[in-house]
Amino acid sequence: MQHWEHSSYEPSLPITEKSNPITRDIDRANPDEIVQMLKNCDAEIFDRTAYLDSMYQKLNSCSMVQTMVEISKKVEIILKDPENSLIVLSGCGTSGRVAFLLATSLNRWLVALHQKQIYSYIIAGGDKALLTSQEAPEDNPSLGALMLDKASTGKKHVLFIGISCGLSAPFVAGQLHFCLNNLDVFTPVLVGFNPVHMARSEPMQDFPFNFKEIAEKMSEMQKHQKAFVLNPAVGPEVITGSSRMKGGTATKLMLETVLLAGHEAVYSNEAVTADNVLASVRMNEKVYETTYSQIDKLAALLQKAGVSLQEKGHVYYLGWQTLGIIGIIDASECIPTYGAAFEDIRGFISKGFSEMNNKEGDLSCVGPRFAIAHTDFVNAILPSLTDKDMVIFLFSVEDDLNEVSELAKRVGQNSSNLHALIHDLEGHCVPKSVIGMFMTALNITWPSSLNKHSSILMKQHWELSTKWCLNAISTGAHILKGKVYRNYMIDLRVTNSKLFRRAIHILQRFTNSTQTQCETALLRSIYDVEELTDEISSADVTQHTLMANQKDRVVPTALVMLQSGCTLAEAKFHLDAHPVIRNAVAAHLRFS
Ligand code: F6P
């Protein structure tokens with residue numbers, strides 16, 4: 001049994017908020033060790049050992065496989081009545097981005113089959129949230145319900161898939177509640193990675209139920225096949241609470257399995273069975289094994305990215321097709337996760353918004369953060385690119401290799417720090433002349449046995465593999481830059497209620513102070529005051545997070561105050577002297 005599965009391990013926390021024992025010392029690890037830890041952590045997604053004393057259901061457990069089969073059968077029914085039906089995927093942050101990726105990819109595939117597009121996605125904060133962090137709407141259950149109501153107008157049958165890795169987002173809870181009140185039209189599915197009893201029980205803004213109550217109701221309705229909860233335990237995240245990693249990965253592969261099984265039933269006459277579902281999960285496990293078999297090259301890329309960030313250079317992902325989207329998503333997540341500047345790691349997709357298929361269309365005029373085409377990179381970044389900046393091309397043998405070579409040639413004139421993640425097929429590989437243009441080429445040759453000759457499956461596997469690689473590179477680079485303490489991202493932005501609670505927990509974890517002391521220190525730091533006023537003490541969490549959104553280093557400042565008993569001004573002075581969070585915190589903590 002994994003250490004975190006014991007009931008005594010961090011008992012007050014749900015799995016998604018626990019710290020993973022595997023990565024406890026990741027901040028002191030070298031690049032090879034970091035990749036090995038990531039590999040071991042990701043292996044937990046596919047854990048198939050059934051421990052008698054474990055209270056957790058895993059992805060391969062019979063009950064989860066059965067739930068996937070039942071949801072796939074609902075997908076099959078929806079696909080047979082495309083005029084009146086819709087499948088809506090929704091979530092916040094990474095969960096919403098995965099919803100977008102799945103909905104747009106599957107719609108594209110339906111179009112290729114000359115079928116009606118039946119997928120839609122909702123992301124809290126709208127399409128801007130696909131590229132930038134918009135955390136506050138996550139706290140709004142009514143907004144979630146409203147957006148779902150609008151997206152499904154006129155439909156008779158809606159399969160709603162609400163993703164909240166932590167079983168925690170009020171935005172998704174509002175949507176599920178709306179579905180539960182309209183079961184004649186909606187079949188709600190909740191996707192997450194905690195057991196129902198660990199769902200969030202904190203009251204929500206202007207809403208009569210908490211997430212746990214909604215999740216319990218969903219479980220109850222599952223007995224009548226009116227609702228479903230798909231919530232295997234995949235273990236705590238590499239960086240505590242960072243659900244962009246395993247949570248996002250497991251969401252993607254699980255939902256692809258479920259949705260494609262439904263498609264195969266309709267278009268290939270292949271009945272939905274537990275064996276087929278398990279075979280699909282197994283294929284994804286093969287993708288995991290194949291990707292992590294490149295541990296040396298992955299570690300080399302991670303190290304180079306770390307050096308770039310340490311030297312105040314940048315990391316740029318230049319991707320083609322959906323691999324470009326994976327790059328954009330990975331880059332955008334570094335801002336809220338590591339407090340990175342938006343220029344630190346950026347992603348670009350060859351044709352920009354015309355390839356995104358997002359609902360709100362071209363957002364490039366909104367601001368520089370939304371300049372995502374390769375031409376934007378060439379015009380705005382290339383002229384000042386230097387060897388300090390790392391550029392990683394993301395493409396497959398199926399992309400326009402002339403275009404790839406042309407761009408590589410241009411980039412190579414300004415920087416030799418040019419690398420590539422390449423997906424080849426057995427018997428169909430990128431020529432050596434192209435590979436030779438890159439300092440490091442991590443190329444994976446995929447066997448045809450893995451894609452069952454289906455182009456969508458192949459692309460999904462390439463996306464998954466690319467996600468694992470980029471998550472490793474960006475996480476590793478920030479660890480090497482000193483942004484992580486143990487396996488906690490201490491300098492998190494406290495921009496919604498979940499992050500407010502997480503911040504308090506981190507303070508308790510590292511200072512042994514009481515919850516009240518931690519909350520007081522956090523509020524002093526957020527409001528920049530030595531003494532809390534009555535007005536601050538009586539304000540609600542939403543107000544605190546609105547204020548915190550405009551401030552830097554609120555958690556490290558509170559931590560130093562609590563640890564040393566110093567004033568706010570002294571804590572800020574100390575942090576100014578130690579820009580590397582790990583060093584600043586380590587200088588103040590005596591930790592066994
Ligand atoms: O609020 C921040 C965040 O943790 C994101 O990083 C994450 O992607 C999002 O919330 C959604 O979390 P969940 O899937 O648990 O609702």
Side-chain angles (χ1 to χ4, degrees), residues 13-18 89-102 121-125 129-141 143-144 161-176 189-196 198-200 202 204 210-212 214-215 229-234 236-252 254-255 329-340 467 471 474-475 478 488-489 491-503 505-506 541-542 545-546 548-549 555:
L13 296 174
I15 301 172
T16 54
E17 292 288 327
K18 290 185 198 287
L89 299 116
S90 176
C92 312
T94 300
S95 300
R97 294 176 195 122
V98 173
F100 155 77
L101 183 66
L102 293 178
Y121 69 89
I122 299 173
I123 178 164
L130 294 173
L131 309 176
T132 55
S133 149
Q134 310 281 329
E135 310 291 356
E138 180 175 323
D139 273 342
N140 194 333
L143 180 64
I161 302 180
I163 310 160
S164 180
C165 297
L167 264 57
S168 60
F171 184 86
V172 173
Q175 296 174 320
L176 294 170
V189 177
L190 165 60
V191 173
F193 303 98
N194 286 317
V196 166
M198 288 184 169
R200 192 171 169 193
E202 192 184 330
M204 293 181 207
N210 61 37
F211 204 112
K212 191 173 168 194
I214 304 271
V229 183
L230 184 54
N231 60 338
V234 296
E237 291 290 350
V238 169
I239 302 299
T240 309
S242 179
S243 54
R244 79 184 193 108
M245 310 270 298
K246 278 159 84 163
T249 302
T251 302
K252 176 169 156 52
M254 220 160 65
L255 287 179
I329 292 178
D330 184 86
S332 67
E333 290 161 345
C334 294
I335 302 165
T337 312
Y338 297 107
K467 180 179 186 298
N471 283 174
S474 57
T475 301
H478 282 103
Y488 287 85
M489 175 49 201
D491 193 9
L492 71 158
R493 268 200 186 271
V494 187
T495 41
N496 63 33
S497 61
K498 176 178 75 182
L499 299 172
F500 186 81
R501 296 290 161 226
R502 187 181 296 164
H505 176 76
I506 289 176
V541 174
T542 309
T545 55
L546 281 174
N549 202 4
V555 185

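All residue numbers in this chain count up from 1 along the given sequence. Atoms within each ligand, like the ligands themselves, are counted from 1 in listed order.
A donor-acceptor contact shorter than 3.5 Å is absent between the side chain of Asn210 and the backbone of Glu202. Counting only distance, with no hydrogens or angles, the side chain of Arg200 and the backbone of Leu167 share no donor-acceptor pair below 3.5 Å. Proximity of a side-chain donor or acceptor of Asp139 to a complementary backbone N or O of Ser497 within less than 3.5 Å is detected.
Under the 4.5 Å side-chain criterion, counting only non-hydrogen atoms from C-beta, Ile329 is not in contact with Arg244. Side chains of Val234 and Thr249 form no contact here, defined as non-hydrogen atoms less than 4.5 Å apart.
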May I have every N or O pair linking ligand 1 to the protein at under 3.5 Å, one per line with atom names and distance?
from     : atom 1 : to     : atom 2 : distance (Å)
ligand 1 : 1 (O)  : Glu135 : OE1    : 2.8
ligand 1 : 1 (O)  : Glu138 : OE1    : 2.7
ligand 1 : 1 (O)  : Asn496 : ND2    : 2.8
ligand 1 : 4 (O)  : Lys498 : NZ     : 2.8
ligand 1 : 8 (O)  : Thr94  : N      : 2.8
ligand 1 : 8 (O)  : Thr94  : OG1    : 3.4
ligand 1 : 10 (O) : Glu138 : OE1    : 3.0
ligand 1 : 10 (O) : Lys498 : NZ     : 2.9
ligand 1 : 12 (O) : Lys498 : NZ     : 3.0
ligand 1 : 14 (O) : Ser95  : OG     : 2.6
ligand 1 : 14 (O) : Cys165 : N      : 2.7
ligand 1 : 15 (O) : Cys165 : N      : 3.2
ligand 1 : 15 (O) : Gly166 : N      : 2.9
ligand 1 : 16 (O) : Ser164 : OG     : 2.7

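A parallel orientation is assigned to the rings of His478 and Tyr338, their planes being inclined by less than 30° (bins at 30° and 60°).
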